[in-house]
Amino acid sequence: MKTKTVAIATLGTVAAIALGYALYFDQKRRNDPDFRKKLKREKKKIAKKAKQSADTIKQKVSETLEAGLEAVNQEEFPTSVDEKEKFFMSQISAGETLCAQGEEHYFEAAMCFFRAQKVYPSPVELIMIYQKTVPEPVFQLVVGMMTLEHQKRQDGFYKEFPPEDMNVKIEDIPEGTNGEGSTVMRKGLVVTKDFEEGDVIFVEEPIVSALNTKLEGGDFCNYCLKDITGDKVECANCDQVVFCSQECYEKANEEYHQYLCTNNKTNENAASSQEQAFLDYSKDKNVKYPYLIARFLATMVHDEIEKAKSGVTDGYGSWDHVDRFRYLELAPTDQNMKELKLIKELLGPKVTGVEEFLTEERFLMLKGKILFNAYSVQSIGKAEKAIEKSTELHRESQADLSSVGSALYRATTYLAHSCEPNSKIEFADKSHKLTVKATKPLKKGDELNTSYIQLEDKNTEQRRNQLAELFQFKCVCPKCESD
Ligand SMILES: [Zn+2]
Ligand SMILES: [Zn+2]
Ligand SMILES: [Zn+2]
């Protein structure tokens with residue numbers, strides 16, 4: 001603990017010294033004309049020194065925080081609610097005792113408050129309590145450790161994702177320059193080995209998917225979007241959705257359907273329920289994105305429940321993925337606000353936190369992310385089945401296949417658009433499971449791209465107009481640029 005308390009003490013001392021210097025210089029400057037010349041010469045030196053010493057302090061503080069964070073993260077934390085509560089109380093009480101023992105115990109105290117925060121269900125709320133009750137330097141240390149932990153988590157994301165066996169990684173790709181002349185970067189998907197034309201690069205399950213509402217309850221599985229050829233599995237509580245297997249039914253129920261089910265088999269007031277209102281709206285408008293959003297919110301809650309069960313508090317969930325996606329800017333139109341209201345009424349009473357989480361801004365961003373990134377699940381030949389499409393935006397490149405729904409993926413989202421793509425999307429087993437295949441020979445380090453639209457015989461102007469209108473970007477792919 002010695003070096004840590006020293007670092008904190010130094011912070012105060014240096015601040016005092018700096019202030020002393022400032023006063024001294026100010027007085028000299030006013031009284032001694034020759035001093036100005038000297039000052040000018042010395043100014044650069046002083047600035048350099050001041051920066052060095054500020055950097056040293058910063059460095060020391062960050063080392064201190066780093067050490068504290070590492071020590072805490074190597075400890076084991078309780079998992080059951082009872083144990084967590086006991087642990088929380090004991091850490092708070094230990095922190096308070098240490099604070100009372102004086103400044104040299106501040107760092108240990110901060111570690112106690114930081115530990116307590118790790119088992120508390122609502123860290124933000126706790127921070128607000130700390131701010132009022134904990135001595136300022138201790139509070140700063142706790143916040144410092146939390147910030148550092150958050151930063152590490154942010155930085156670590158693209159090291160863990162995508163996993164190595166997907167044969168791709170996410171890299172910063174330069175994409176033109178902005179108004180001030182600096183390079184604009186975007187994230188892109190790069191292959192980590194060579195591929196031949198026709199090779200499968202990776203296969204991916206979605207974060208969330210939804211059927212075209214017109215197909216709901218018919219021949220398609222509500223969970224995996226498969227065309228059901230065998231026996232259908234019905235929901236025990238409603239007759240509005242069907243599943244291809246018991247497994248899909250159970251997964252759907254666990255992840256989202258329990259919150260969305262109208263219960264019209266068992267509840268006589270089902271017709272006037274929020275669930276029915278939500279279903280009616282989606283069918284009437286022929287839109288599936290409100291469902292996709294509701295399912296996504298339910299999935300996030302499911303993630304948290306699973307995390308709590310396994311006792312793993314770090315690791316990345318669905319929100320960590322979606323939070324990083326690009327999105328279209330949306331206006332708070334009447335339809336958008338109506339959808340937000342419906343989702344809040346549907347999930348608010350059942351899912352803790354939805355009311356606070358789903359602000360107007362977050363809803364529009366979430367919808368904008370789905371619009372920009374969702375893929376149309378094109379799994380049925382148009383000749384086989386003609387399916388009425390929703391008017392919602394999705395990435396759809398096949399002219400001869402019908403769309404049964406839309407889905408949002410973790411890695412495939414990062415595929416760039418090109419009018420001369422080097423990969424294509426397939427739904428090989430006719431479910432929402434997506435396959436990315438090479439359509440050209442690829443070398444390790446090549447960026448993957450696919451087409452977001454049907455290319456057919458469109459000329460450059462037509463392609464560019466369509467992409468600008470739908471996805472709000474100007475295509476600068478080699479094919480467009482060479483024209
Ligand atoms: Zn299924
Ligand atoms: Zn149901
Ligand atoms: Zn293009």
Side-chain angles (χ1 to χ4, degrees), residues 175-176 205-206 208-211 213 215-267 270-271 273-276 278-280 282-283 291 294-295 298 346 350 377 379-380 395 397 404-405 407 415-423 427-434 447 449-483:
E175 190 183 52
E205 296 276 353
V208 69
S209 70
L211 266 184
T213 44
L215 300 175
E216 211 65 88
D219 299 329
F220 290 86
C221 178
N222 171 271
Y223 184 78
C224 75
L225 273 48
K226 230 183 222 174
D227 190 1
I228 306 170
T229 48
D231 290 342
K232 291 173 194 170
V233 176
E234 260 196 40
C235 171
N237 302 312
C238 76
D239 60 9
Q240 287 147 329
V241 294
V242 292
F243 302 92
C244 73
S245 63
Q246 189 65 25
E247 194 194 342
C248 277
Y249 174 38
E250 279 166 19
K251 276 193 198 162
N253 228 4
E254 200 181 301
E255 290 173 24
Y256 61 83
H257 187 66
Q258 56 172 313
Y259 305 115
L260 312 178
C261 183
T262 62
N263 292 297
N264 73 344
K265 278 186 189 169
T266 47
N267 173 13
S273 67
Q274 291 307 333
E275 294 81 3
Q276 189 64 49
F278 196 65
L279 182 67
D280 290 345
S282 304
K283 285 205 165 179
Y291 263 106
R295 284 183 198 188
L346 175 74
K350 301 175 212 169
V377 178
S379 54
I380 302 286
R395 300 180 185 180
S397 53
V404 302
L415 271 183
H417 166 85
S418 171
C419 301
E420 219 170 20
N422 59 16
S423 75
F427 298 90
D429 70 352
K430 304 206 167 190
S431 75
H432 58 199
K433 192 179 9 167
L434 175 152
E447 195 203 351
N449 48 51
T450 190
S451 180
Y452 293 179
I453 56 168
Q454 290 169 19
L455 297 170
E456 295 149 351
D457 318 313
K458 288 173 190 148
N459 64 31
T460 297
E461 198 191 336
Q462 289 168 323
R463 292 193 312 269
R464 274 191 162 166
N465 285 344
Q466 193 179 0
L467 287 163
E469 190 197 330
L470 298 178
F471 293 95
Q472 298 176 8
F473 69 81
K474 182 187 173 192
C475 189
V476 289
C477 78
K479 192 172 178 181
C480 288
E481 289 290 83
S482 70
D483 262 1

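The basis for the numbers below is simple: all heavy atoms, side chains too, and nothing from hydrogens, waters or symmetry mates. Numbering of ligands and ligand atoms starts at 1, following listing order.
At least one donor-acceptor pair closer than 3.5 Å links the side chain of His417 to the backbone N or O of Tyr452. Asp239 contributes no side-chain N or O that, together with a main-chain N or O of Glu234, makes up a donor-acceptor pair within less than 3.5 Å. Formation of a donor-acceptor pair under 3.5 Å by the Asp429 side chain with backbone atoms of Lys226 is not found in this model. Proximity of a side-chain donor or acceptor of Thr450 to a complementary backbone N or O of Ser423 within less than 3.5 Å is detected.
Proximity of Phe243 to Asn253: side-chain heavy atoms (C-beta onward) are nowhere separated by under 4.5 Å. Within the 4.5 Å cutoff, the side chain of Val404 has heavy atoms near those of the Leu215 side chain. Using a 4.5 Å heavy-atom cutoff, the side chains of Tyr291 and Leu211 are not in contact.
Geometry note: the Zn ion (ligand 2) is the vertex, Cys238 SG and Cys261 SG are the arms, and the angle is 100° (rounded to 10 degrees). Computed with the Zn ion (ligand 1) at the centre, the Cys248 SG to Cys244 SG angle is 110°, stated to 10 degrees. Here Cys224 contributes SG and Cys221 contributes SG, and at the Zn ion (ligand 1) these two atoms make an angle of 110°, given to 10°. Rounding to 10°, one obtains 110° for the angle at the Zn ion (ligand 2) between NE2 (His257) and SG (Cys235).
The number of protein N, O or S atoms lying under 2.8 Å from the Zn ion (ligand 3) is 4.
Using a cut-off of 4.0 Å between Lys/Arg side-chain N and Asp/Glu carboxylate O, Glu481 and Arg464 are scored as salt-bridged.
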